[in-house]
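Taking it in order: structure first as structure tokens, then the write-up.
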Number of protein chains: 2
Amino acid sequence: MAATIKDVASKAKVSIATVSLVIHDNDRISPETKKKVLKVIKQLDYHPSKSARDLVSQKTGNIGFILTDDHFLRTEPFYTRIFLGTEFEARDSGFYILLTTVASDYSDNDPLPRFILDRSVDGVIIAGKVPHNLIDRIAKYKLPLIFVDYVLEGDEYPVVLIDNIQGGILATNHLIDYGHKNIAFIGGDIQHPSIYNRLMGYSRALENAGIKHNDKYIHTTSPYPDRQNGYGAAKVLFKKNKNITAVFACNDAMAIGAMHYLKDNGYHIPHDVSIIGFDDVEVDLMLDPPLTTIRVPKIDLGTEAFRLMMEVLKNKNTNRKKILVPVELIIRKSTKKL
Amino acid sequence: MAATIKDVASKAKVSIATVSLVIHDNDRISPETKKKVLKVIKQLDYHPSKSARDLVSQKTGNIGFILTDDHFLRTEPFYTRIFLGTEFEARDSGFYILLTTVASDYSDNDPLPRFILDRSVDGVIIAGKVPHNLIDRIAKYKLPLIFVDYVLEGDEYPVVLIDNIQGGILATNHLIDYGHKNIAFIGGDIQHPSIYNRLMGYSRALENAGIKHNDKYIHTTSPYPDRQNGYGAAKVLFKKNKNITAVFACNDAMAIGAMHYLKDNGYHIPHDVSIIGFDDVEVDLMLDPPLTTIRVPKIDLGTEAFRLMMEVLKNKNTNRKKILVPVELIIRKSTKKL
DNA sequence: TATTCTCAGTTAAACGTTTAACTTGTTTCC
DNA sequence: GGAAACAAGTTAAACGTTTAACTGAGAATA
């Protein structure tokens, strides 16, 4: 069995309180005593029990991390990387991350994540869109809550977001710089704030360049921004509009789908059509041609979320903090000067 | 603050022991009392504190999951999916998985994963190859240890492995079936048991088919089985041997690298050269042509590991268990009849 | 009728820490 | 020279459970 504080105390001939104070580097303990105790601690390879600490301190040193199962199972490791960022940062602070997924069609009869009920987390990070009724239920437990890559409209939670508007501007400006004027936008559900903001960036960039906004070039009726819907959106757009020369897809998955449609229908990329995505997922480089895109620093999103959590945990500072993580234009081969 | 067992006890006018017994469905409690207590539990939304439980039961309900950081950061989500499998299975059993990565060049001065020291796990799952000195140090703590996709030669730990030999046979037989005789093998470090066994499968299949084993067709001197080394290996092999018609790469990453080399040098796949990989990673489908490969059920590896852990935890049955997870041939477009 | 059993609980110790409050001996201050 | 301050600890309660050992009342047994 592992050594306990008692073993250390008796071997060092001091009280357990003294051992505890030594561990916490309290200056009420003389240097000699401290040295003696530390020696015994090393000898016995003593490490305080987390269970005991958690109980007495009424903290856990754990942070819950919630996302929907379909986000976690997505082919592109987007949220997985956000999780990783959180995990790395947490380790440096001596925290553990308890990951759990919830059904994307979470109903009120479904159980809450267990770590909330059994009080084994000090706070919860919610990544990506999750069902609203779940958020409502969690909120009742008064745990510090941080959102990443998603916000509830009008809610007061601290949040880490991608600078989607800026990304939309960057992407659209790139196409404009390349001489394009007839630029299509492919998006999923426009209710999703990320997609909405990317579209906002698109509109703003067009406006700044004095290019007329053409609603026919915008497709935002797909429920999910995935490959298949990207294919479908491209089909709709290109059947109706013969003069589109460039496409800005709201994410890489849709961009890939659109690329497939175009290739299947004899368009050459980037010769006939330029295409730019958003996210910079791993496969982009493997595509033919490699996809120009807006890079989202996924790891950073995760680390920022954890840092924000630490801040909230320290300050009890509940006034809303919003961190906007900057994005970057990555030019590859799928876009070309007109 | 959340309700405690005391709150329940006083509101239900029973002792806390009674509440505890009700929770554990002990039949020493009369149906009426049980009903009464359960009602109060529901009213107060009471859930036992995990910290307290952990402390008194001297268990944690946590399992540690260790892999090296480069395995976790790999582009292809291989170990991430194994982790997922473990995580899903764990949730069903009410366990948490504490994930941690260690440096792949772990030195004895580096700290051990914290969850081992502070006793916050009941057992540890080790995924993929990790440094031997780390294993030695962990072993001292006498925690139940399970390996996934890696074994220490001669060690007695329970382990979940891919059926690599069978996979090697499947892959090679497929090429033989397609009429190939001059089949190259591209591998990374042959010391790695997985790669070694895939090569064994290759050899055995050739032997069974009565095809002469040609050492010149085998390249196993790359340190890591990644894309870049796949490219390099293909270069070496095809510069020396003009008559190779098929390649079996020890994993998809190397296969993709080899494909790139071949394309760069005017070979047409699968017309000039057939190529088969191993793993079935996500990008395979996106390749041109889509890669024929051996599918490894990654999620299953993770769930099996967790199940094995539960078994060990229950039975204290330390005699070595070895679970071999079967693989499957996935025929796509990168292989072709000669 | 006295004894033993069974039932349905209760009491209290234990798990391994942290920390407020106390103690005891020595300095410092006026 | 006595009070006050300080230094270096120790004592004991508390955190929220589980569980072995106990209790007291009524039922069954001899």
Side-chain angles (χ1 to χ4, degrees), chain A residues 1-38 40-41 44-62 94 114-122 141, chain B residues 1-38 40-41 44-62 94 114-122 141:
Chain A
M1 272 291 97
T4 72
I5 200 170
K6 267 189 206 161
D7 303 328
V8 175
S10 69
K11 184 152 189 192
K13 299 194 200 309
V14 294
S15 71
I16 61 165
T18 302
V19 177
S20 181
L21 293 172
V22 166
I23 291 167
H24 293 89
D25 207 23
N26 187 305
D27 52 9
R28 228 188 317 164
I29 306 298
S30 71
E32 308 92 71
T33 311
K34 190 179 276 183
K35 191 169 285 176
K36 182 176 64 179
V37 171
L38 285 174
V40 174
I41 285 179
L44 298 183
D45 191 26
Y46 167 71
H47 298 267
S49 147
K50 188 160 141 56
S51 312
R53 277 196 162 165
D54 286 358
L55 180 58
V56 69
S57 70
Q58 295 292 79
K59 302 199 175 134
T60 70
N62 299 146
R114 207 165 46 80
F115 53 56
I116 293 178
L117 299 175
D118 65 15
R119 284 160 280 167
S120 41
V121 295
D122 299 336
Y141 288 83
Chain B
M1 271 294 93
T4 73
I5 199 170
K6 267 189 207 165
D7 303 328
V8 175
S10 67
K11 184 153 191 190
K13 300 195 198 309
V14 296
S15 71
I16 62 165
T18 301
V19 178
S20 180
L21 292 172
V22 167
I23 291 168
H24 293 91
D25 207 21
N26 188 305
D27 52 9
R28 227 186 317 160
I29 305 298
S30 72
E32 310 92 70
T33 311
K34 190 178 278 185
K35 192 168 285 179
K36 180 176 64 177
V37 170
L38 285 175
V40 174
I41 286 179
L44 299 184
D45 191 27
Y46 166 71
H47 298 267
S49 147
K50 187 160 142 55
S51 310
R53 275 197 162 162
D54 286 357
L55 180 59
V56 69
S57 69
Q58 297 291 77
K59 300 195 177 142
T60 70
N62 300 146
R114 205 164 49 79
F115 55 53
I116 294 179
L117 298 175
D118 65 16
R119 285 161 278 167
S120 41
V121 296
D122 299 338
Y141 287 82

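Naming convention: chains lettered A, B, ... in sequence-line order (proteins, then strands); numbering from 1 in each chain.
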Using the side-chain hydrogen bond (donor to acceptor under 3.5 Å, both in side chains) rule, take B:Thr60 and B:Asp54 through it: C-alpha gap first, then chi angles, then the decisive distance, then the call. CA-CA 5 Å; B:Thr60 70; B:Asp54 286 357; 5.6 Å; no
Do [X] and [Y] have side chains that approach each other closer than 4.5 Å (heavy atoms only, starting at C-beta)?
X	Y	value
B:Ile29	B:Lys36	no
A:Lys34	A:Leu21	no
A:Tyr141	B:Asp45	yes

field: Minimum heavy-atom distance between B:Asp7 and B:Ala3, given as atom pair plus value
entry: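 Scanning both residues, the minimum pair turns out to be OD2-CA, 3.3 Å.
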Checklist line | Heavy-atom pair with the smallest gap, counting every atom of A:Val19 and A:Ile41 | finding: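 Closest approach of A:Val19 to A:Ile41: CG1-CD1, 4.5 Å.
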I'd like to know if the side chain of [X] reaches the main chain of [Y], judged simply by a donor and an acceptor atom lying under 3.5 Å from each other, with no hydrogens or angles considered.
X	Y	answer
B:Asp118	A:Pro48	no
A:Arg119	A:Gln58	no
A:Arg114	A:Ser120	no

Margin query: If you compare every side-chain N and O of A:Thr18 against the phosphate oxygens of D:dT10 (OP1, OP2), does one of them come in below 4.0 Å?
Written below: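 Checking A:Thr18 against D:dT10: at least one side-chain N or O falls below 4.0 Å of OP1 or OP2.
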inquiry  = What's the separation between atom CG in A:Leu55 and atom CZ in B:Arg53, rounded to the nearest 0.5 Å?
reply    =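 Interatomic distance, A:Leu55 CG to B:Arg53 CZ, rounded to 0.5 Å: 13.0 Å.
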Scan residues 27-36 of chain B against DNA chain C and write down, sorted by residue number, each residue with any heavy atom closer than 4.0 Å; if none is found, say none.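 Heavy-atom contacts with DNA chain C come from B:Arg28, B:Ile29, B:Ser30, B:Thr33.
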| request: Take the C1' atoms of the five end pairs on each side of the helix from C:dT1-D:dA30 to C:dC30-D:dG1, derive the two axes, and give their angle rounded to 10 degrees. | output: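 That helix gives 50° between its end axes.
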5' to 3', nucleotides 14-19 of chain C under a 4.0 Å protein heavy-atom cut-off (B base, S sugar-phosphate only, - none) gives BBBBBB
